[in-house]
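Keep in mind that the numbers below use all heavy atoms, side chains included, and drop hydrogens, waters and symmetry copies. Keep in mind it's a predicted model, so treat the numbers as computed, not measured.
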Amino acid sequence: MDRFDLVHDGWLPLRQRHDGALLEVGIERALTEADTFTELVVELATQVPALLRQVLLPVVADAVGLPADRAEWRRRFEAGAFTEAERDQIRAYLAEHGERFQAFGPTPFAQVGSLEAVSGETKGSGLLVATEFTGNNVPLFGSRTEAEPPALTPAEAVRWLVHAHCWDTAAIKTGAKGDSKVKAGKTTGNPTGPLGQLGVLIPTGRTLYETLLLNMPVGARSLLGTPHWRRPAAGPVWAAAGYPDGLLDLWTWQSRRIRLIPEDTPQGVRVRRVIVAAGDRMRELPEWEPHTAWKYDKPAAKAKAADRKPRRHMPGKAIWRGLEALLAVHHSDLDSGSVETSSLLKQAADLRAVGALQEDYPLRVEAFGIMYGTQSAVIDDVYHDLIPLPVAALQADAELYGVLVEMTSQAEQLARAINHLSADLRRAAGLDPIPWDKGQRPGQQLLHRLDPVVRRVLGHVGGLDDEQLETVLLAWEQVAYRITRQIADEVFAAVPESVFAPRRSSGDQEAPAAKTGLGHVEGTLRRDLAVILPRAAEHRSAA
């Protein structure tokens with residue numbers, strides 16, 4: 001059986017900066033040439049945080065070290081690439097631990113080489129692949145049955161391996177030989193992988209090198225801890241209530257015991273069978289988890305540490321609709337409690353304040369999440385979004401902060417106004433309003449049409465002065481007004497003309513009934529738009 005060396009063999013799919021071509025490289029080249037790549041290009045978006053946390057970030061942090069302070073972070077960032085000395089450190093580190101970066105063998109990467117199921121059976125490789133149907137989730141007329149698992153290349157298998165450690169479904173897992181907690185050949189009560197409990201936020205730069213640095217906590221060396229490849233090789237025994245000893249342990253948390261089973265085929269080595277058993281369970285999420293925003297069930301003044309929970313993403317809801325939470329460097333009170341952004345975005349605000357990160361730097365935030373179904377045993381949906389996030393907005397007293405929060409609030413208010421319009425007209429027609437959780441209300445259509453406008457604004461407001469920002473806000477309100485009127489016209493057009501005709505009150509055949517007048521409904525909408533979009537209203541009045 002050929003070896004597959006994760007350090008040198010190609011398995012990390014990266015886009016080259018100079019020509020946009022896709023190239024699969026090993027860990028060493030990905031890191032030492034990180035400035036020449038822009039992004040990971042993967043089968044499923046949620047593999048990106050898995051590869052960063054399970055592989056790339058911990059190797060850099062352990063080999064080169066985290067930035068000791070803001071001055072060191074600034075030096076590294078302005079360099080734009082690893083120095084030759086830092087590249088030598090990375091190469092030496094990977095050479096030292098090379099045996100633990102093999103896909104197969106006695107101590108394979110992120111696996112238990114001797115793992116066996118109590119039943120003696122193995123499962124199809126589709127168990128690792130989040131996009132594959134397995135178990136009771138196989139559709140009746142699917143193109144491939146569970147008896148025909150995908151033949152994964154070593155590169156594909158390892159990418160799904162690290163993804164499983166981060167995002168695997170919960171519930172029942174195969175019982176492993178040597179695991180005293182196995183009952184009836186299985187283990188129960190397994191939680192999802194640790195990222196499955198978060199709304200993951202990844203600050204993203206122009207190159208892989210910048211992305212790595214943007215995800216490095218400054219001055220956290222005392223919390224560094226130990227990655228799994230510098231520990232004794234894992235066996236079938238797992239921790240029932242473990243707690244990471246530091247950042248590297250958290251990032252490389254082994255939430256499952258897994259074994260990839262390779263086989264020789266005419267096409268080369270393939271993985272069609274796997275074993276996935278119970279792994280370490282985290283007692284609680286550390287308060288220093290860097291890749292999530294936080295929410296409190298109470299206002300900030302009353303909130304305690306026990307009230308702090310990861311803020312998860314809402315399916316179908318663009319990340320800019322929660323922009324206030326992303327910009328909440330300090331506690332920000334909302335109707336439902338208070339929110340706080342991720343420690344890495346707080347750090348970006350701090351670095352911006354001391355000039356280490358320029359106000360016009362094109363920072364982006366990438367959001368990831370998985371929504372699980374029944375008992376978290378199946379995957380219902382995958383969340384992925386990416387928006388520009390102006391660095392200058394990461395300060396509550398900054399003009400740009402207020403502008404962006406106002407803009408996103410206006411979008412939500414416009415959606416509510418359109419939904420109220422729809423509800424009133426449907427009642428007048430003798431129909432019930434569209435339920436909030438069924439069908440598509442016109443407010444959602446409005447937000448969908450406003451989405452590219454908001455993203456365009458977010459990508460172009462960095463570095464503008466107050467007068468220029470006011471011009472941008474006026475332009476935004478004018479476009480938002482026009483799109484809202486278009487949606488409103490569509491809502492009016494869908495209502496029968498008879499709704500606006502005079503009708504008599506029941507029991508009084510002589511007096512005419514109160515009208516659901518077109519003028520009344522239109523007037524209400526106009527008043528709403530004037531309140532929500534005051535700049536556009538003033539501009540129309542002056543024209």
Q: Is a side-chain N or O of Arg311 found less than 3.5 angstrom from the main chain of Gly199, in a donor-acceptor match?
A: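 Checked: no pair found.
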Q: Answer yes when Arg3 and Asp9 have at least one side-chain N-carboxylate O distance shorter than 4.0 Å, and no when they do not.
A: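 Answer for the salt bridge query: no.
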Q: Under 4.0 Å between a Lys/Arg side-chain N and an Asp/Glu carboxylate O for Asp179 and Arg257?
A: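 No.
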Q: Salt bridge check: are Glu24 and Arg159 linked by an N-O gap of less than 4.0 Å?
A: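 Salt bridge present between Glu24 and Arg159.
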Q: Is any side-chain N of the basic residue among Glu132 and Lys123 closer than 4.0 Å to the acidic one's carboxylate O?
A: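 No salt bridge links Glu132 with Lys123.
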Q: Keeping Arg256 on the side-chain end and Leu161 on the backbone end, is there a donor-acceptor pair under 3.5 Å?
A: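 It does not hold such a pair.
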Q: For the residue pair His163 and Trp160, categorise the inter-ring angle as parallel (less than 30°), tilted (30 to 60°) or perpendicular (more than 60°).
A: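 Judged by the thresholds at 30° and 60°, the geometry between His163 and Trp160 is perpendicular.
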Q: Apply the test ring-ring contact (aromatic ring centres under 6.0 Å, His included) to residues Tyr209 and Phe82: give CA-CA distance (whole Å), side-chain angles for both, the deciding distance (0.1 Å), then the verdict.
A: CA-CA 8 Å; Tyr209 176 81; Phe82 289 114; 4.9 Å; yes
Q: Does Asp385 pair with Arg321 as a salt bridge, N-O distance under 4.0 Å?
A: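 So Asp385 does not pair with Arg321 through a salt bridge.
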Q: Below 4.0 angstrom, N of the basic side chain to O of the carboxylate: do Arg17 and Glu33 qualify?
A: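 Salt bridge between Arg17 and Glu33, a charged N being under 4.0 Å from a carboxylate O: no.
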Q: Less than 4.0 angstrom from a charged side-chain N to a carboxylate O is my criterion; do Glu289 and Arg53 meet it?
A: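 Salt bridge: yes.
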Q: Considering the options Val457, Asp451, Leu458, which one meets the side-chain contact (heavy atoms from CB on, under 4.5 Å) requirement together with Val454?
A: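 Exactly one option meets the side-chain contact (heavy atoms from CB on, under 4.5 Å) with Val454, and it is Leu458.
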Q: Would you call the rings of Tyr383 and His313 parallel, tilted or perpendicular, where under 30° means parallel and over 60° means perpendicular?
A: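 Parallel.
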Q: Let me confirm one number: the CG-CG distance from Leu57 to Asp62, rounded to the nearest 0.5 Å.
A: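 These two atoms lie 12.0 Å from each other.
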Q: Donor-acceptor pair, Arg312 side chain versus Gly196 backbone, under 3.5 Å?
A: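 Pair found, side chain donor or acceptor close to backbone of Gly196.
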Q: Distance check, rounded to the nearest 0.5 Å: Arg231 atom CZ versus Gln254 atom CD?
A: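 Going from the CZ atom of Arg231 to the CD atom of Gln254 covers 9.5 Å.
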